[in-house]
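Reviewing the structure listed below.
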Amino acid sequence: MIGPYPEKKDVYDARSPIYAVDQLSCPIVFFQGDEDKVVPPSQAETMYAALKNKNIPTAYILFEGEQHGFRKAENIQKALDGEFYFFARVFGFQPAEEPFKFPIDNFSN
């Protein structure tokens with residue numbers, strides 16, 4: 001897809017979101033599996049910290065026992081409910097049902 005590492009490190013860096021944080025300005029939520037080998041938790045945590053430090057509304061929710069693409073039905077539902085809650089807070093609407101709630105950093109409403 002990209003090329004062998006480290007020979008193509010410049011391509012990896014150019015495509016890595018951590019090197020484009022300065023271009024981000026919208027709220028972002030991270031739903032991360034703690035067993036993810038494709039995007040390890042440390043990478044999501046680095047992005048989360050960078051956005052938090054930039055004062056962009058952000059949240060990070062770690063799912064135990066999940067990989068890249070959730071497999072457990074309860075976690076799939078919780079992630080979907082979490083997305084809905086995040087959108088409701090960011091866009092300022094009230095969900096009809098009580099959602100799965102979590103803190104959103106750099107956000108007051």
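Keep in mind that the numbers below use all heavy atoms, side chains included, and drop hydrogens, waters and symmetry copies.
- Cluster annotation: Leu80 is connected to Phe31 through the hydrophobic network of ILVMFWY side chains, with a link wherever side-chain heavy atoms come within less than 4.5 Å.
- How far NZ of Lys101 is from CZ of Arg89: 8.5 Å, rounded to the nearest 0.5 Å.
- Closest non-hydrogen pair, Pro41 versus Gly33, comes out as CG-O, 3.6 Å.
- Using a distance-only test at 3.5 Å, with no hydrogens or angles considered, a donor-acceptor pair links the side chain of Lys54 to the main chain of Leu24.
- Ring orientation note: the planes of Phe63 and Phe70 are tilted relative to one another, at an angle of 30° to 60°.
- Interatomic distance, Ser25 OG to Leu51 CG, rounded to the nearest 0.5 Å: 10.5 Å.
- The closest donor-acceptor contact from the side chain of Thr58 to the backbone of Asp105 lies at 3.5 Å or more, if one exists at all.
- Linking ILVMFWY side-chain heavy atoms closer than 4.5 Å, directly or via other members, places Phe87 and Ile56 in two distinct hydrophobic clusters.
- From Gln43, atom CD reaches atom CZ of Phe30 across 11.0 Å, with rounding to the nearest 0.5 Å.
- In terms of heavy atoms, Ile104 sits closest to Tyr85 at CD1-CE2, 4.3 Å.
- Between the side chain of Asp81 and the backbone N or O of Pro99 there is no donor-acceptor pair closer than 3.5 Å.
- Put simply, CG on Asp34 and CG on Leu62 are 5.0 Å apart, with the number rounded to the nearest 0.5 Å.
- In the hydrophobic clustering of this structure, Phe107 groups with Ile61; members are Ile, Leu, Val, Met, Phe, Trp, Tyr whose side-chain heavy atoms approach within less than 4.5 Å, directly or through other members.
- Glu45 meets the side chain to side chain donor-acceptor pair (under 3.5 Å) test with Tyr60; sequence neighbours excluded.
- Hydrophobic clustering (side-chain heavy atoms under 4.5 Å, transitive across Ile, Leu, Val, Met, Phe, Trp, Tyr) groups Phe102 together with Val90.
- Here the closest non-hydrogen pair linking Pro57 and Phe86 is O-CZ, 4.4 Å.
- Of all the heavy atoms in Gly3 and Lys8, the pair that sits closest is CA-CG, 3.9 Å.
- Panel note: side chain Tyr12, backbone Pro6; no donor-acceptor pair is recorded below 3.5 Å.
- Here the straight-line distance linking atom CD of Gln32 with atom CD of Glu64 works out to 13.5 Å at 0.5 Å rounding.
- Of the possible donor and acceptor atoms, one in the side chain of Thr46 sits under 3.5 Å from a partner among the backbone N and O of Ser42.
- Nearest heavy atoms, Pro95 versus Ala88: CG-CB, 3.7 Å.
- For the residue pair Glu66 and Asn75, a side-chain donor N or O sits within less than 3.5 Å of a side-chain acceptor on the partner.
- Of the inter-residue distances, the one linking Glu83 atom CD with Lys78 atom NZ reads 14.0 Å to the nearest 0.5 angstrom.
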